Structures are given as C-alpha cells and as structure tokens.
Amino acid sequence: MRRESRFLIIGGGPAALSAARAYRDAGGEGEVRLVSADVDRPYARPPLSKEFLRGEAGDDDLPLVEDSFYRDREIQVSLDDPVTHWDIAERRARTASGETVQYSQCVYATGAEPQRPPIDGADHPDVRTLRSAQSGRELREAARNARSAVVVGAGFIGCEAAVSLSRLGTRVTLICPGPAPQHQRLGAEAGREILGWLDSEGVHVLTGTELTGIDRGHRVSTDSGPLPDTGLVLLATGVKPRAELAERAGLATDQGRVMTDEQLRTSAADVYAAGDVALACNAIAGRRLPVEHWGEAETMGEIAGANAAGEHRRWANAPGFWSVLGDRVLKYAAWGDGFTEAQLIRHGDGAFTVWYGQNGTTVGVLTHEADEDYERGAELVERGAPLSPRT
Ligand SMILES: Cc1cc2nc3c(=O)[nH]c(=O)nc-3n(C[C@H](O)[C@H](O)[C@H](O)COP(=O)(O)OP(=O)(O)OC[C@H]3O[C@@H](n4cnc5c(N)ncnc54)[C@H](O)[C@@H]3O)c2cc1C
C-alpha cells in the first residue's frame with residue numbers, strides 16, 4: 001500500500017501530538033499522519049510513576065485528548081507500527097507493517113527508552129522498567145503481588161515510583177549511587193531534602209551504592225553486598241534517546257540526539273526534531289541543550305508543527321520540570337547543563353528555593369512551595385541575571 005501524505009509525524013508522545021495540533025492551528029493543510037510505535041494513542045506519562053501506579057488514576061485518565069480531536073482536525077493515527085526505514089532524499093518512510101508514506105514535511109519525535117545497565121540479569125523479563133502505558137500497567141500489576149521492592153536509580157522517576165510503591169504498603173529499598181538522590185543534577189542541598197522526604201515516606205535509601213547483579217529477576221546484589229530476595233525490581237537507570245532511525249537516515253546527531261537549530265530544523269530540509277530525542281539549540285541560551293521534560297516536549301512539538309506549516313518560531317524559554325513525590329511538588333527551571341554554585345533558601349514550613357549559578361550568573365532555580373520564586377527564577381535564568389544572595 002502506498003499513500004501520499006503531506007505532513008508526517010514519526011512518534012506518538014507529547015511532542016508528536018503538539019506538532020500535529022500546532023500544524024493545524026497554524027493553518028497547515030493536507031493530510032496529517034502521526035505514526036507511532038506505541039499501542040496506545042498519545043497519553044500522559046507523568047502519572048505512570050505517581051497516581052496511576054498507586055491506583056488513584058486509571059486507563060481512562062491517561063489519553064491526552066479525546067478521540068474526536070483527531071477526527072475534527074483530520075489527523076490520521078497509526079499505532080503499533082514503527083517507522084523502520086526512512087529515505088530522506090526521497091521524502092519517504094516505511095513502517096514495520098510495510099506501509100510507505102510520502103511526505104513533504106516531517107517531524108521526528110521518537111522520544112527515549114529506558115536504558116538497562118550492562119550488568120548480569122538486568123534483562124530478565126521480571127525486571128521492570130517504566131516508560132510506556134503498557135509498562136505502567138505491568139508494573140502496577142506486579143506491585144499488587146509484591147511485599148517488597150527494589151528500585152534502582154534515584155532520578156525523578158526512581159524517587160517518584162519508590163514513594164508510590166511505599167504508599168501502596170510495599171517495603172521499598174532505593175539504590176542510589178550518589179551520596180543523595182539527584183546529587184549531581186540538583187546539588188547536595190536539594191539531595192538532602194529529597195533524602196529526608198524519602199525517609200519520611202518509609203523508603204529505605206542505600207546511598208553510595210552500586211547495583212552489581214540481579215539473579216533470576218528477584219535477587220539483587222550491590223557493591224556493599226546482596227539484598228534480601230524481593231518481589232519486584234524496577235530499573236530507573238536513565239533513558240536513551242531513540243535516534244537510531246534518524247542516524248541511519250543520515251541526519252546529523254550529537255550525544256545520541258538529533259541536532260537542530262533554534263527553529264527545530266534538522267540537517268535535512270523540511271525535517272524537524274522535537275522532544276527528548278532532539279538536541280535543540282535554545283535561542284536564549286545560545287547553545288544546544290539535552291532536555292527530558294514533559295512540558296518542553298510539548299513546547300518543542302508545537303514549534304516544530306507550526307514551523308512545518310510555514311511559521312518561523314524559535315525555542316526561546318528556560319526549560320521547566322515538575323516532579324511530585326507523594327504530595328510534595330518540586331518545580332525546576334534551568335538550562336540543566338551544569339552549575340558551579342547552589343544556594344538553599346528556607347522559607348519556613350518546609351518550603352525552600354535552591355538558586356543555581358554558573359560563574360556568578362543565574363542558570364537555574366528549584367522550588368518547593370515557593371511558586372513566586374519559580375516564576376521569577378525562570379525569568380532570571382532567561383535574562384542571565386547575576387546570582388546575588390537572595391532571601
Ligand atoms: C514514568 C514517567 C514519569 C515522568 N514524569 C515526568 C514529570 O513529572 N515531569 C516531566 O517534565 N517529565 C516527566 N517524564 C518525562 C516525560 O514523559 C518525557 O520527557 C516526555 O514524554 C518526552 O516526550 P517525547 O514526545 O519527546 O517522547 P515520548 O513521550 O518518549 O514519545 C515518543 C513516542 O515515539 C514512539 N516511537 C519511538 N520510535 C518510533 C518509531 N521508529 N516510529 C514511530 N514511533 C516511534 C514511541 O512509541 C512513543 O510513543 C516522565 C517520564 C516517565 C516515563
């Protein structure tokens with residue numbers, strides 16, 4: 001089967017959906033095809049480690065838009081059918097089912113996939129990862145039958161899932177390679193706060209500990225010794241951008257991501273990249289930034305879709321991220337590629353702000369119950385304001 005298609009979107013996450021929406025909103029005409037490897041239509045991933053895992057949200061809460069959205073905007077969606085071949089010179093993509101799609105404009109938004117550490121037993125089928133709604137359903141089912149769990153990795157997803165599992169009544173051990181969760185990304189001050197929260201949620205955190213092996217999916221060993229057998233092992237050990245198809249097709253990549261300019265244009269004419277898979281140039285930062293945030297995937301998708309329809313928008317804001325650990329919300333706006341100083345300011349009743357600086361310039365802000373600082377902080381980051389002592 002061969003179909004003519006004007007606007008092709010490869011991917012089925014928030015960046016892909018935003019691209020489709022923005023293309024139509026900007027007056028983009030012709031056929032719009034969204035081709036996804038996922039079995040589900042675009043849905044919310046953030047609840048998978050939070051309300052969905054705890055059973056407070058169900059399948060019906062996940063879709064990002066109603067089915068009528070696609071009908072009304074004439075957006076055709078193919079599911080469970082990844083693009084496997086891509087001929088950029090011919091502007092043609094082929095899917096696993098053998099369908100060929102010809103396009104005039106294309107957005108590449110294939111996101112990222114969980115990365116399993118290269119240790120014995122990490123690929124055992126009972127060892128879980130969390131990315132798709134399907135993996136979320138499987139994790140929730142496995143959690144129902146487990147009295148204890150080991151979560152490996154103390155990034156946002158590992159910490160969120162650990163708290164959710166603990167709230168389900170599961171005895172949770174979190175393996176954290178650094179001295180505190182998020183130590184490298186957010187600094188020692190923020191790490192200590194998160195550690196305190198995890199402790200208060202009943203999560204047992206093994207800091208400074210490395211995973212060394214997993215036997216038969218339930219016996220975890222670390223560099224400080226073996227852990228008791230557990231009913232559930234979840235690897236939250238980072239993600240790998242899905243850039244292989246783009247690389248094979250000849251798009252320029254760096255750090256395993258597809259390079260773009262400020263308008264999210266790739267090295268190929270009329271091909272844009274957006275979301276976790278993109279290494280986009282931020283117009284204000286003046287450099288390319290790897291970003292793995294939900295809101296940024298939506299923003300980039302929107303820019304790419306509008307530009308495919310003929311606009312000239314630029315990616316020009318400080319990337320923002322929210323994380324929810326049980327009931328505690330962390331908000332983070334930052335360039336995210338390093339800092340040399342971090343100042344923690346307490347506001348009372350547990351509220352705090354951490355200001356991040358790079359050689360005297362504000363490059364990030366992290367807040368808990370300090371929304372004004374979050375809003376102000378994003379603006380200071382974008383302005384490159386001096387990092388002066390703040391209260
Ligand atoms: C459990 C969890 C909780 C999270 N919580 C937060 C949060 O609280 N806040 C936050 O900011 N971020 C959060 N994130 C991160 C956020 O979900 C990602 O940054 C965001 O989903 C990236 O969007 P994307 O569209 O770039 O890629 P993805 O959402 O990964 O979507 C990519 C899509 O492309 C499809 N695809 C891949 N290869 C192909 C192919 N060859 N052909 C066709 N389709 C393909 C995939 O099936 C998928 O549907 C969370 C992530 C997870 C997993």
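Whatever order the structure lists them in is the order used to number ligands and atoms, beginning at 1. Since the model is a prediction, treat every value here as computed from it, not as a measurement. Scope of the values below: all heavy atoms of this structure, side chains included, with no hydrogens, waters or symmetry mates.
The protein reaches atom 42 (N) of ligand 1 closely, with a heavy atom under 4.0 angstrom from it.
Using a 4.0 Å cut-off between charged side-chain N and carboxylate O, Glu379 and Arg383 make a salt bridge.
Residue Ser132 does not touch ligand 1, judged by heavy-atom distances below 4.0 Å. Neither the backbone nor the side chain of Glu296 has any atom closer than 4.0 Å to an atom of ligand 1 (non-hydrogen atoms only). Neither the backbone nor the side chain of Phe156 comes within 4.0 Å of ligand 1, counting heavy atoms alone. The parts of Asp38 lying near ligand 1 are both backbone and side chain, judged by heavy-atom distances below 4.0 Å. Contacts between Val277 and ligand 1, counted as non-hydrogen atom pairs separated by less than 4.0 Å, are absent for every part of the residue.
For atom 31 (O) of ligand 1, the closest heavy atom belonging to the protein is Arg45 NH2, 3.2 Å. Trp322 O, 3.0 Å is the protein heavy atom nearest to atom 9 (N) of ligand 1. Among all non-hydrogen protein atoms, the one lying nearest atom 46 (C) of ligand 1 is Arg242 NH2, 3.1 Å. Here the heavy atom of the protein found nearest to atom 12 (N) of ligand 1 is Trp294 N, 3.2 Å. Among all non-hydrogen protein atoms, the one lying nearest atom 30 (O) of ligand 1 is Arg131 NH2, 2.7 Å. Protein heavy atom at the shortest distance from atom 19 (O) of ligand 1 is Asp276 OD1, 3.0 Å. Given atom 15 (C) of ligand 1, the protein heavy atom at minimum distance is Glu292 O, 4.1 Å. Looking only at heavy atoms of the protein, atom 44 (N) of ligand 1 is closest to Ala37 N, 3.0 Å.
The backbone N or O of Ala252 sits less than 3.5 Å from a side-chain atom of Ser267, completing a donor-acceptor pair.
When each atom of ligand 1 is checked for a heavy atom of His293 under 4.0 Å away, the hits are 11 (O), 19 (O). Of all the atoms in ligand 1, the ones that sit under 4.0 Å from a non-hydrogen atom of Gly11 are 34 (O), 35 (C), 43 (C), 44 (N). Listed by number with element, the atoms of ligand 1 under 4.0 Å from a non-hydrogen atom of Lys50 are 5 (N), 6 (C), 7 (C), 8 (O). Interface atoms of ligand 1 facing Leu130, defined by a heavy-atom separation under 4.0 Å, are 1 (C), 53 (C). Which parts of ligand 1 touch Ile10 is read off a 4.0 Å heavy-atom cut-off, strictly below it: atoms 42 (N), 43 (C). The contact set between ligand 1 and Ser36, taken as ligand atoms under 4.0 Å from a residue heavy atom, comprises 43 (C), 44 (N), 49 (O). Taking a cut-off of under 4.0 Å to the non-hydrogen atoms of Gly275, the atoms of ligand 1 that pass are 26 (O). The ligand atoms of ligand 1 that sit less than 4.0 angstrom from a heavy atom of Phe321 are 9 (N), 10 (C), 11 (O), 12 (N).
A side-chain contact (heavy atoms from CB on, under 4.5 Å) with Cys159 is found for exactly one of Val205, Val203, Ile194, namely Ile194. Between Glu193 and the choices Arg328, Gln182, Arg346, His368, the side-chain contact (heavy atoms from CB on, under 4.5 Å) rule is met once, by Arg346. For the salt bridge (Lys or Arg N to Asp or Glu O under 4.0 Å) with Arg131, the qualifying choice from Asp40, Asp276, Asp38 is Asp276, the only one to do so.
When the shell of 6.0 Å around CG of Asn145 is examined, it contains more than 12 heavy atoms from other residues, nucleotides or ligands.
Taking the six-membered ring for Trp and thresholds of 30 and 60 degrees, Tyr332 and Tyr356 have ring planes more than 60 degrees apart, a perpendicular arrangement.
Between Cys281 and Trp315, every side-chain heavy-atom pair lies at or beyond the 4.5 Å cut-off. Side-chain atoms of Leu64 and Phe69, non-hydrogen and from C-beta on, never get closer than 4.5 Å to each other. You'll find the side chain of Leu330 stays beyond 4.5 Å of the side chain of Thr367, heavy atoms only.
A distance of 6.0 Å or more separates the ring centres of Trp294 and Phe321.
Here the shortest heavy-atom distance to atom 51 (C) of ligand 1, taken over Val324, Ile157, Leu53, Leu330, belongs to Ile157. Across Pro82, Gly111, Gly12, heavy-atom proximity to atom 34 (O) of ligand 1 is greatest for Gly12. Selection from Pro47, Pro46, Ala93 by nearest heavy atom to atom 4 (C) of ligand 1 gives Pro46.
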message: Is there a side chain to side chain contact (heavy atoms under 4.5 Å, CB included) between Glu369 and His347? Walk through the geometry before answering.
response: CA-CA 9 Å; Glu369 291 182 3; His347 309 297; over 6 Å; no
Self-check item: Residues Arg116, Asp123; criterion salt bridge (charged side-chain N to carboxylate O under 4.0 Å, His left out); working and verdict
Solution: CA-CA 7 Å; Arg116 291 181 186 245; Asp123 53 357; over 6 Å; no
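The line from CD of Gln134 to CG of Asp80 is 10.5 Å long, rounded to the nearest 0.5 Å.
In terms of N/O distances under 3.5 Å, ligand 1 is approached by Val83.
Donor-acceptor pairing under 3.5 Å is lacking for the side chains of Thr100 and Arg94.
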